[in-house]
Amino acid sequence: MNPSIPFREFKKVLVANRGEIAVRVIRALREEGIRSAVIYSDPDRRGLAVLLADEAYRIGPAASRDSYLQGPAIVELAREIGADAIHPGYGFLAENAEFSELCEKRGVSFIGPSSAAIATMGSKIESRRLIAGAGVPVVPGGTDALETVGEAVAFAEEIGYPVMLKATAGGGGKGMRLVLEPDGLKGAYRAARSEAGASFGNDSVYMEKYIERPRHVEVQILGDEHGKVVALGERECSLQRRHQKVVEESPSPVVTPELRREMCEAAVKAARSVGYTNAGTVEFLLDPSGEFYFLEMNTRLQVEHPVTEMVTGLDLVRAQLGIAQGRALGEEYEALQPNGHAIEVRIYAEDPYHGFVPSPGRIERLRWPEGPGVRNDAGVYEGSEVSIHYDPMLAKLIVWGRDRQQAMDRLARALAELRIEGIHTTVPLFRALLQDVDFVAGNLDIGMLDRKLAAGELAPERHSEFEDLAVIAASLEHLANQARASGSPAKRGGRRSQWRHAGRRDSLRGEPWS
Ligand code: MV4
């Protein structure tokens with residue numbers, strides 16, 4: 001321990017988030033013996049996080065900008081209630097350098113990296129420069145903004161088509177344009193600049209060589225305030241729909257121990273280059289030839305952190321709390337090799353077979369899967385109202401197995417147990433994915449899900465043919481009975497269909513509510 005870094009014991013922490021991640025943090029706080037407080041907006045008053053926290057405070061109406069994004073009000077609330085620290089979760093204020101700075105100024109610990117690290121990683125060209133300088137491979141391309149179309153044309157000639165234009169303030173695909181040929185460059189340059197300006201209030205763009213059919217592989221890192229940085233292995237997040245992750249797993253089906261060592265080393269170098277502390281993720285594109293390139297760094301705890309927890313046995317929120325209190329990372333964080341395999345599916349309140357339209361409403365019936373190797377991180381319960389105001393992710397279902405095959409088998413079993421009624425969810429899509437040869441074989445890339453959906457693959461599993469047969473048989477018998485009844489009044493009402501129960505889903509498939 002570095003004695004110049006004071007140990008700050010947290011007695012109470014304010015969770016500045018909602019849904020499953022607020023619940024996740026509250027659980028860690030209780031395990032650590034730290035009092036939890038949570039903020040909530042009007043529609044979240046009966047949220048699971050409010051039920052589980054020791055204290056809950058209304059922060060405002062539904063709209064995020066009037067509630068969960070009210071940085072100064074949240075910091076003042078933390079002071080009023082005597083919270084030592086704020087955990088921002090992910091989204092909302094988690095990667096807002098101004099907010100983390102305000103926390104520190106007002107004497108409330110921000111459970112995350114320094115505001116300087118957040119700001120540096122928020123600039124794509126600044127982070128590229130710094131990280132390339134640290135000897136980490138970055139996607140080939142520029143590290144300067146392209147001020148004119150002429151500069152863009154000249155640079156594309158230099159690096160060769162196809163190229164990608166990206167917003168320097170970007171991330172998440174906004175202000176990004178793929179340009180396959182010289183013809184498309186001028187239009188794409190203008191479009192990228194105007195979209196970047198509208199999205200980030202900063203219209204500067206730069207250019208990279210386009211990497212074809214890559215995988216998205218990211219490395220979890222932790223840094224303490226004593227200069228130690230560790231990498232906890234990778235997550236494969238290639239199954240995405242329009243930049244929205246859908247399935248994640250660890251380890252990646254294609255990362256060998258040697259590649260893991262290289263990627264982890266690169267991630268540690270990237271984190272060190274900004275003096276990174278707390279939990280973070282270094283994202284890479286892994287091309288089909290096995291080359292990897294730094295893409296960006298996420299300066300927060302990520303949605304998919306549980307797959308890393310399942311294969312390392314660590315508790316990442318506990319680690320975050322320890323780091324923020326000034327503790328040094330112990331030996332348990334070193335030289336980790338993944339134990340077994342974990343897969344996470346994100347359950348969204350969206351209809352995957354109607355363009356993923358949001359599906360708000362009341363969860364009328366809910367049965368979570370349980371049993372060996374199953375973890376469920378949910379923000380809802382039976383009776384919850386799913387509102388349209390926030391991210392539609394309801395829960396994450398995470399399974400662990402000795403190897404990828406057992407994890408897949410457990411995922412199939414868990415999905416068979418799972419029932420959510422009252423709203424549409426992405427659950428049927430996962431059942432279909434488990435029938436997909438490419439998914440099962442781990443043949444993934446970042447465009448795969450969109451291609452398969454566009455091609456009409458991954459259609460919903462048809463319900464059992466037995467059910468159809470039972471319905472047909474029952475109808476025939478009903479008609480026969482009617483015919484008999486009208487022919488001879490003595491028999492009327494005398495017979496009941498033997499098919500009455502056979503058509504019920506529960507008699508065939510174990511469904512409890514038919
Ligand atoms: C790329 C790329 C291919 N080549 N850059 C998308 C989000 C943004 N943060 C970076 N993205 C990409 N950058 C080069 N030079 C492909 C993507 C990309 C992607 C990356 C990660 C995960 C999913 C993705 C889906 C589409 C495109």
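Remember, it's a predicted structure, so these values are computed and weren't measured experimentally. Counting starts at 1 for both ligands and their atoms, in listed order. When a residue number appears, it is its place in the shown sequence, counting from 1.
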Does any pair with a residue in residues 425-450 pass salt bridge (Lys or Arg N to Asp or Glu O under 4.0 Å), and if so which ones, sequence neighbours excluded?
Asp436-Lys452, Asp438-Lys452, Asp445-Arg451
Structural part of Lys209 in contact with ligand 1, heavy atom criterion under 4.0 angstrom
backbone
With side chains defined as the heavy atoms from C-beta onward, is the minimum distance between Thr299 and Thr120 less than 4.5 Å?
no
May I ask you to check whether Glu296 has an N/O atom sitting below 3.5 Å from an N/O atom of ligand 1?
yes
Near Gln240 (heavy-atom distance under 4.0 Å), the atoms of ligand 1 are 22 (C), 23 (C)
Kindly say whether Ile39 contributes a backbone atom to a donor-acceptor pair with the side chain of Arg18 at under 3.5 angstrom?
no
Answer yes or no: does an N/O atom from Ile211 fall short of 3.5 Å to an N/O atom of ligand 1?
yes
Looking at Lys396, Gln302, Arg346, which one forms a side-chain contact (heavy atoms from CB on, under 4.5 Å) with Glu248?
Arg346
Keeping the roles fixed (side chain from Thr308, backbone from Ser250), state whether a donor-acceptor pair exists under 3.5 Å.
no
Short side-chain donor-acceptor distance under 3.5 Å, Glu208 and Tyr206
yes
Any donor-acceptor pair under 3.5 Å from Ser252 side chain to Val254 backbone
yes
Which residue supplies the protein heavy atom nearest to atom 24 (C) of ligand 1, what is that atom called, and how far is it?
Ile446 CD1, 3.4 Å
Does the ring centre of Tyr68 sit less than 6.0 Å away from the ring centre of Tyr390?
yes
May I ask which of Ala167, Gly447, Gly173 has a heavy atom nearer to atom 7 (C) of ligand 1 than the others do?
Gly173
In terms of atom number and element, which parts of ligand 1 are under 4.0 angstrom from non-hydrogen atoms of Val139?
15 (N)
Which is closest to atom 1 (C) of ligand 1 in terms of heavy atoms, Glu208, Met176, Lys166, Glu218?
Lys166
Report yes or no: does a heavy atom of Pro214 sit under 4.0 Å from some atom of ligand 1?
no
What are the two closest non-hydrogen atoms of Ala49 and Ala22, and how far apart are they?
CB-CB, 3.7 Å
Residue Leu285 vicinity, atoms of ligand 1 by number, heavy atom under 4.0 Å:
1 (C), 2 (C), 3 (C), 4 (N), 5 (N), 14 (C), 20 (C)
What protein heavy atom lies closest to atom 26 (C) of ligand 1? Include the residue and the distance to one decimal.
His243 CE1, 3.4 Å
Counting heavy atoms only, name the option from Lys174, His216, Arg241 that's nearest to atom 21 (C) of ligand 1.
His216
Which of the atoms in ligand 1, numbered in the order shown and given with their element, are less than 4.0 Å from a heavy-atom of Met164?
1 (C), 2 (C), 3 (C), 4 (N), 5 (N), 13 (N), 14 (C)
